[in-house]
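Hydrogens, waters and symmetry mates are skipped; everything else that's a heavy atom, side chains included, is used.
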Amino acid sequence: MARPRKPANLKKGRSETKKDIAARQEQEQRLMGSSENVQNVPDYLDPLAKAYYKYMVTEMEIGGLLTNLDIPLIEQTADCLSKIRLCDEIINVEGILITTSDKYGREVLKEHPTVNTKMKYLNAFKALSTQLGMSPSSRAQLAGMQLKAKEEEADPLLQLLKNYA
């Protein structure tokens with residue numbers, strides 16, 4: 001699988017001309033939308049999730065690629081981190097293994113149900129954090145595809161071939 005395309009403002013200009021990078025940057029900016037609501041922490045999050053939300057927004061805004069479109073992903077990611085921490089606290093107190101009775105009344109050790117819950121939240125966090133990391137790259141890739149389409153539209157040879165087909 002190919003690496004995701006880098007946003008134009010992170011490019012150094014070695015593989016593309018300055019003109020190409022400027023055009024990509026302009027296109028990416030149009031796709032991003034506004035970001036005025038990103039700092040607003042949702043009320044429904046628990047206190048730890050709110051802290052995670054603030055932390056993630058602060059760190060991600062440095063790159064200047066965070067927009068209002070990313071808010072639901074950030075909310076869910078912060079909530080997952082909070083739930084993972086809660087699972088850790090339960091596991092630390094009660095242990096990874098618990099004693100239960102089987103159908104014959106014998107005591108058996110089995111994995112604490114919270115371990116399974118934690119794994120589900122870890123998988124959700126992994127998917128969400130990947131999306132957050134990929135979101136700016138996806139916009140960069142889309143901007144690149146749109147610029148390529150514009151270039152193809154302006155190319156007289158390609159227009160001639162299209163008309164011929």
Taking distance alone, no hydrogens or angles, what donor-acceptor pairs closer than 3.5 Å link side-chain atoms of residues 87-97 to residues at least two apart or in another chain?
residue, atom, partner, partner atom, Å
D88, OD1, K118, NZ, 2.5
N92, ND2, D88, O, 3.2
E94, OE1, H112, NE2, 2.5

From CA spacing to verdict: side-chain contact (heavy atoms from CB on, under 4.5 Å), L128, C80 = CA-CA 9 Å; L128 289 165; C80 280; 3.9 Å; yes
Does one hydrophobic cluster hold both Y121 and L48, with members joined at side-chain heavy-atom distances below 4.5 Å?
->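 They do share one cluster, since a chain of ILVMFWY contacts under 4.5 Å joins Y121 to L48.
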Flag yes if L122 and L86 sit in one hydrophobic cluster, no otherwise; membership is Ile, Leu, Val, Met, Phe, Trp, Tyr, and two members link when side-chain heavy atoms are under 4.5 Å apart.
->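 In one cluster: no.
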Output the distance between atom OG1 (T100) and atom CD (E111), rounded to the nearest 0.5 Å.
-> 12.0 Å
Starting at OG of S129, measure out to CD1 of I74 and round the result to the nearest 0.5 Å.
-> 12.5 Å
Compile the donor-acceptor pairs under 3.5 Å between side chains in residues 49-57 and protein atoms, sequence neighbours left out, one pair per line.
residue, atom, partner, partner atom, Å
Y52, OH, R85, NH2, 3.1
Y53, OH, V38, O, 2.9

D79 vs L45, side-chain contact (heavy atoms from CB on, under 4.5 Å): CA-CA, chis, key distance, verdict | CA-CA 7 Å; D79 188 53; L45 293 175; 4.2 Å; yes
For the pair I98 and L109, evaluate side-chain contact (heavy atoms from CB on, under 4.5 Å) and give the outcome as yes or no after the intermediate values.
-> CA-CA 6 Å; I98 58 171; L109 281 177; over 6 Å; no
Where do F125 and K83 land on the side-chain contact (heavy atoms from CB on, under 4.5 Å) test, with the steps shown first?
-> CA-CA 10 Å; F125 170 73; K83 299 296 191 282; over 6 Å; no
Sidechain-backbone polar pair: N37 side chain, N68 backbone, donor-acceptor under 3.5 Å | no
Backbone of T67 reached by a side-chain donor or acceptor of D70 within 3.5 Å =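 Yes, D70 side chain to T67 backbone: donor-acceptor pair under 3.5 Å.
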Residues that D43 engages under salt bridge (charged side-chain N to carboxylate O under 4.0 Å, His left out), provided they are two or more places apart | none
